[in-house]
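To start, the structure under review is shown below, and the notes come after it.
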Amino acid sequence: MTTMESLIGLVNRIQMACTALGDYGGEDQTFSSLWDSLPSVAVVGGQSSGKSSVLESIVGRDFLPRGSGIVTRRPLVLQLHKMDEGQQEYAEFAHLPDRQFTDFSLVRKEIQDETDRVTGKTKQISPVPIHLSIYSPHVVNLTLIDLPGLTKVAIEGQPESIAQDIEAMVRSFVDKPNCIILAISPANQDIATSDAIKLSREVDPMGERTFGVLTKLDLMDKGTNALDVLEGKSYRLQHPWVGIVNRSQADINRNVDMILARQKEREYFATSPDYGHLASKMGSEYLAKLLSKHLESVIRARIPSITSLINKSIEELESELDHLGRPVAIDAGAQLYTILELCRAFDRIFKQHLDGGRPGGDRIYGVFDNQLPAALRKLPLDRHLSMQNVRKVVSEADGYQPHLIAPEQGYRRLIEGALNYFRGPSEATVDAVHFVLKDLVRKSMEECQEMKRFPTLQSTIAGAANEALERFRDDSKKTVVRLVDMEASYLTVEFFRRLPQEVEKGGNPAAATTDRYSEGHFRRIGSNVSSYVNMVLETLKNSVPKAVVYCQVKEAKHSLLNHFYTLIGKKEGRQLSDLLDEDPSLMERRLQCAKRLELYKKSRDEIDSVSWVFVYLNMLCKYSKFPARSDLTASGMRSDLTRSGMKSNLNASEKRSDLEQVPPGMKSDLDQVPPRDEVRPRSSLTWDEIRPGASPTRDDVRPRSSPTKG
């Protein structure tokens, strides 16, 4: 494989892979477009400009659909591969990889059928390209993109916007800085009115990417010629204009052989009094060689930027695939493992919220430190222990027999009534913590990126977690209410023993008896009850949070999904598959990412391989004594390396171990070569491909035994 073949063939393979993935350029791509970064030659021309005839002349075969109106309705990526003389030429389509076409009339039919498959039988157009590869001894290595011909009016069956649609499609190709424009114009029309030149001037005003092609030179009026255009006087481009003489309509009708047509074209320019001095730089054969050489040089110059884009895209795709997660396994055991892993990921995030690794857990402490004390302060204890209510409760507590010494029943009723108020704040605390925990479950589910792939599993786990929280809340409510009831069921006797006696030592009992229903007596009872209730309140302010944490927070932290684990372990394969019902859009996204990542990695490897060989062989040419011949092969190069004293194999590790025996300048070059031990030189590299431009003589290279002094 020659250097040109490896470079252009490399781009060909990447372009076909891009099309298979739906990447054919444009701004509406989901992924960054690799197609847009690849150098290409776009064939642009108006209808009846001879565009199809030029392509057929370059190929040497009659294979394109013909007819009136818009014939080319999809871009045709035409990849030409040169074969050795004597081999049978054939064509292959990317959409029919297992079929070879040796009858080129069938190629024409397949182009038409494949166009209709996408656009239908109407005259609509589509940007999806057709890839056609032609292998022939009569072509050069070249890739051309045939675009629909520019038109000005719509014909029957076409939308009124067809002219704008075609121009927009053509612009989407030629606007790219990597696109070489082959602008085809008929010589029998004024160049100033050429659709192709007008468009190329807008996108390439300096003419740096445009090759001008002038067709139908033989159809110009007698006494006129196109020398002003061909010599760059009428419209100057950075590249030379090329004149083409295509087959006439009569030749086409008679099925004149394309090889014979090429010969007639050469004779026309050689014998023309107007163009004879330009004959060596005219004709379809010269145009093909010119484009092939230029395309190779552009590809070579663009390799670093293409590699940079590929490396960047690989990083982005790998990151996105990590985000999307692995594909779902088919095996039931693997599916169960996936579900449990997702549960653990969710549970891990939930615990981080509780423990402070993520925000939200502090809200629970806020319930204990703010909401509970505030609710307790709002209790109507002042009204319950008012003078009027104390008198009423104490008086009613003893019934028809008044208390004899101390109103014990009155004390108990007042205390029990006050403690009953504590139920509300305690239960509200449980509900508040429950609300926080539910919100943390929701947030944890949203933050668990892996879980987003499976909406069914996500809702199932969320439902299981919320059911568990409901159970924890019920247990917690029972516990805090039990704490309040415990305080009311048994009063702290020691508290009342420490209370001051109503009758002081040495006092008159009769006087105390007369004061039993006085206002001071009831005020003292209210004060004693208030002191006791405040003591219990402080106790509950500490015990209620402990109960809530123990029954709700701790249980949620350690056994939130325990019941779910029990249920999931009993499910069968079909039920597990239903839980892992992944979002179809995510599945499609992962598939596209994986395919594109594979494309980019293969492209990077191929580009690295070609680049490495170029660098290494150029370096060997610089410092080794090669014979001045143009048919140098890899085996011949090895024998020459052996004769010059260097190791003949191209293994990078052995090459580096031989550094001490090579010229100093070569050492620095070797250090720049990547250690790709698996890379080997192509088996048919020629000298012209290693050193493009000219074959060196022995004076051009310095023998290894004579390094440069100093």
Side-chain angles (χ1 to χ4, degrees), residues 41 43 45-68 71-72 76 78-83 85-91 101-109 111 132 134-142 144 146 149 182-189 196 211-220 222 225-226 230 240-276 278-292:
V41 180
V43 184
Q47 289 187 25
S48 303
S49 63
K51 184 165 58 71
S52 296
S53 296
V54 170
L55 293 175
E56 290 182 334
S57 183
I58 290 175
V59 174
R61 278 289 186 172
D62 191 352
F63 68 98
L64 290 174
R66 294 182 178 276
S68 60
V71 178
T72 304
L76 175 66
L78 180 60
Q79 300 171 347
L80 307 181
H81 306 266
K82 185 171 180 59
M83 302 171 66
E85 290 293 336
Q87 291 184 292
Q88 184 180 15
E89 56 187 344
Y90 64 92
F101 293 78
T102 55
D103 184 349
F104 281 79
S105 63
L106 296 179
V107 173
R108 179 188 305 110
K109 182 177 183 302
I111 293 175
L132 172 62
I134 295 180
Y135 300 81
S136 171
H138 310 300
V139 300
V140 296
N141 296 295
L142 181 62
L144 302 166
D146 184 22
L182 189 63
I184 297 179
S185 306
N188 56 355
Q189 295 181 11
F211 283 81
V213 176
L214 213 55
T215 62
K216 304 184 180 181
L217 290 169
D218 55 330
L219 300 182
M220 296 184 68
K222 290 185 177 181
N225 58 54
L230 293 176
W241 282 82
V242 179
I244 299 291
V245 174
N246 297 321
R247 291 182 302 169
S248 65
Q249 188 60 48
D251 291 337
I252 295 173
N253 294 337
R254 294 197 305 269
N255 293 322
V256 173
D257 182 74
M258 293 299 302
I259 304 300
L260 179 60
R262 283 184 180 179
Q263 182 179 345
K264 287 184 176 181
E265 183 185 43
R266 289 194 297 269
E267 293 175 354
Y268 173 84
F269 285 111
T271 59
S272 171
D274 294 324
Y275 311 117
L278 299 175
S280 63
K281 296 183 178 180
M282 295 288 121
S284 56
E285 291 179 288
Y286 173 78
L287 174 63
K289 293 177 182 178
L290 180 66
L291 290 174
S292 180

Closest heavy-atom pair and its distance - [X], [Y]:
X	Y	result
Lys281	Val242	O-CG1, 4.1 Å
Leu230	Gly243	CD2-N, 3.7 Å
Glu265	Ser57	OE1-OG, 4.2 Å
Asp218	Tyr268	CA-OH, 3.8 Å
Pro65	Ile111	CG-CG2, 3.8 Å
Ala288	Val140	O-CG2, 3.5 Å

Approximate separation, where rounding is to 0.5 Å, of [X] [atom1] and [Y] [atom2]:
X	Y	atom1	atom2	answer
Leu287	Ile184	CG	CD1	8.0 Å
Met83	Ile134	CE	CD1	12.0 Å
Leu132	Phe101	CG	CZ	9.0 Å
Lys216	Ile244	NZ	CD1	13.5 Å
Asp146	Leu55	CG	CG	5.0 Å
Ser136	His81	OG	NE2	11.5 Å

Do any N or O atoms from the side chain of [X] and from the backbone of [Y] form a donor-acceptor pair under 3.5 angstrom?
X	Y	answer
Thr215	Ser49	yes
Glu89	His138	no
Arg61	Phe104	no
Glu56	Asp62	no
Ser292	Asn141	yes

Which residue, Thr72, Leu76, Val107, forms the side-chain contact (heavy atoms from CB on, under 4.5 Å) with Leu64?
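Exactly one pass, corresponding to Leu76.
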
With a 4.5 Å cut-off on side-chain heavy atoms, are Val59 and Met258 touching?
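No - every pair of side-chain heavy atoms lies 4.5 Å or more apart.
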
Would you say that more than 12 heavy atoms from the other residues, nucleotides or ligands in this model lie under 6.0 Å from the CD of Gln88, or not?
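Open.
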
Is the ring pair Tyr275/Phe269 parallel, tilted or perpendicular, if the boundaries are 30 and 60 degrees?
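Answer is perpendicular, since the angle exceeds 60°.
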
The test is side-chain contact (heavy atoms from CB on, under 4.5 Å); show your working for Leu214 and Ser185 and say whether it passes.
CA-CA 5 Å; Leu214 213 55; Ser185 306; 4.3 Å; yes

Apply side-chain contact (heavy atoms from CB on, under 4.5 Å) to residues Leu291 and Leu144 and explain how you reach the verdict.
CA-CA 9 Å; Leu291 290 174; Leu144 302 166; 4.1 Å; yes

Is it true that the side chains of Asp103 and Ser105 contain a donor and an acceptor less than 3.5 Å apart?
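Asp103 vs Ser105: donor-acceptor pair found between side chains.
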
